[in-house]
Amino acid sequence: MRGPLARSSRSDPWEEPLQWRAAGRVVLIGLAVIAVYAWSVQGTRFSLVELVRGLPDLWNLFTRMVPPDARRFSEYLGPAAQTIQIALLGTSMGALAAVPLGLIAARNVSPHQVICSATRVTLNALRAIPELVWALLFVAAVGLGAFPGVIAIFIHATGVLGKLYSESIESIDPRPVEAVRAVGADRTQLMLFSVLPQALPLMLSYVIYSFEGNVRSATVLGLIGAGGIGFEMQQAMRLFKYQEMTTILLITLAMVTLIDYVSGRVRARLV
Amino acid sequence: MLRTEDLRKRFPDGTEALCGVSLVLRAGEMACVLGSSGSGKSTLMRCVAGLIEPTHGAVWINGRPMTSAGERERRRLRGHMGFIFQQFNLVGRLSVMTNVLIGRLGRVSPAWAILHQFGRSDRACAYRALESVGLAEKARQRADTLSGGQQQRVAIARVLAQEPFLVLADEPVSSLDPRLADSVLGHLLRINREDGVTTLLNLHTVELARRYADRIIGLGQGQVVFDGPVHALDHDALELIYGPAGETGSADEDEEGARAGTAREVVAV
Ligand SMILES: Nc1ncnc2c1ncn2[C@@H]1O[C@H](COP(=O)(O)OP(=O)(O)OP(=O)(O)O)[C@@H](O)[C@H]1O
Ligand SMILES: [Mg+2]
């Protein structure tokens, strides 16, 4: 609250009602947030009591998971590598396919307003559907294995990277672009000599970041039959081989950590 | 050489930047546009280069219509017109040499340029351009590692590589210190005198305009308010261009005040 002195020293007529309005807005937002959480707790039947009641079972599972059974350790390395291969192929294909789409979807270089909007909608759709759903579709269509996993990641990565590319391109400095236009360059030359040189480092760093995430996604895709280490995980779980499962989890952990570390280093050098 | 007829430009927000500019530039002229900030100098340059569309009127370059030309013809014309920007507008991540080679883009066959490859003669031409602004030893360096003055010289080399018949320079030296300004303007003057390249530039001080231009075109609120040889630029002419000297004028526009100030100082001398 402002003192009377402070109020008189400022003769801004808007000051007072604005503060009230701001306070009212804070209260409203607070109430809305509480309502949303209450709604979620109610909808999920989330209860601490249940959680506590489930603890013994959880402990029971844990004791059955240790010590890890590493007898088949080397047999899991192949599938782990396959998960990385799935992520690598899917991400790379997506990264290439996203280049033209990203260029078209970037408002500052897009050839046409309508095509631009249409591409943005398409990219959003590709992105909105999770890899898992694409993988389910393709497993149903072409059968179990790594191939549907690659396709699922490819499609999703195209959507994600297309969108991120277009944002990278929209953030470039327009002045060099105008300069290159001024020497009589055509559309392709404009892209190659002013747009891409500026946007490429950021685009590449997004590709690597997305590869990082796709290694995790590829692991999950295995759970529904799309190859890789996830598939082994699912098999072990189905056969109640919990100690083997621990080995698989540890391999996955090591793999994901390593990839994140390496790609983080590469990205730091790019930007 | 260059002719504009009744050029008008109204921006979507309603600003009337040009209100009927008709000009004729003869081959080999070095003409300088003077005008206070917001008078439409940049807009005029960019209309001439076909970088923006005038709302009305036409531009002819060497007798060819620019405004009504198709995109192909425009690109061809732009290829022969050099444009120098206040902020240099180099592609910072590319090498100095590639930036100069960009000046050749209007000439090379598109297929080659896709791989950032240029022919021997293009490279030679770019190298000569770079040599003539004294930056040949920087060819392999990234453009954004150069100082402002060096970057503007690279921009001039880029224009030279175009082998242009017309150079447009929009405040080429207003972000450079006076010594560098002289070096950059010296290069432009040399191109004009030695190669006979018609030049239309705008400068931020009357003093520089007097030193480098043959002809002064005064712009005020989107109209030509003065047009004459540099020696005709007297006190009255400056008042015409920058407004009455005694008046503080539009104090809300600092920049304009500063420029009019420059004009006044010169008049006082
Ligand atoms: N893209 C644009 N959209 C709207 N108005 C614009 C645009 N570009 C310029 N203007 C307006 O047009 C007028 C002329 O601008 P212009 O840049 O040509 O002036 P100038 O003489 O070059 O000024 P300065 O000396 O400051 O560079 C100004 O009022 C400016 O605000
Ligand atoms: Mg300007």
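A note on names: the letters A, B, ... follow the listed sequences, proteins ahead of strands, and every chain is numbered from 1. Please read these numbers as outputs of a predicted model, since none were measured by experiment. Just so you know, these numbers use all the heavy atoms, side chains as well, and skip hydrogens, waters and symmetry mates.
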Would a distance-only check, ignoring hydrogens and angles, find a side-chain to backbone donor-acceptor pair under 3.5 Å from A/Arg181 to B/Leu51?
yes
Whether over 12 other heavy atoms sit under 6.0 Å from B/Arg10 CZ:
no
Nearest-0.5 Å distance that lies between atom CD1 in B/Ile102 and atom OG in A/Ser194
7.0 Å
Using 0.5 Å steps for rounding, measure from the CD atom of A/Glu178 to the CZ atom of B/Phe85.
4.5 Å
So, the side chain of B/Asn89 versus the backbone of A/Ala179: is there a donor-acceptor pair under 3.5 Å, distance only?
no
CZ of A/Phe147: more than 12 outside heavy atoms within 6.0 angstrom?
no
B/Arg93 and A/Pro197: which non-hydrogen atoms are nearest, and at how many Å?
CD-O, 3.0 Å
In this structure, CD of B/Glu71 is separated from CZ of A/Arg187 (nearest 0.5 Å) by 9.0 Å
Give a yes or no on whether B/Arg190 atom CZ has more than 12 heavy-atom contacts from other residues, nucleotides or ligands under 6.0 Å away.
yes
Could you tell me which portion of B/Arg158 (side chain, backbone, both or neither) has an atom closer than 4.5 angstrom to a non-hydrogen atom of chain A?
side chain
Under 4.5 Å from any heavy atom of chain B - which part of A/Pro174:
neither
B/Arg76 portion near chain A, given a 4.5 angstrom heavy-atom threshold:
neither
Can you tell me how far apart CZ (A/Phe193) and CG (B/Leu94) are? Round to the nearest 0.5 Å.
8.0 Å
Inter-residue atom distance A/Leu190.CG - B/Arg75.CZ, 0.5 Å rounding
10.0 Å
Evaluate whether atom CZ of A/Phe138 has more than 12 neighbouring non-hydrogen atoms of other residues, nucleotides or ligands under 6.0 angstrom away.
yes
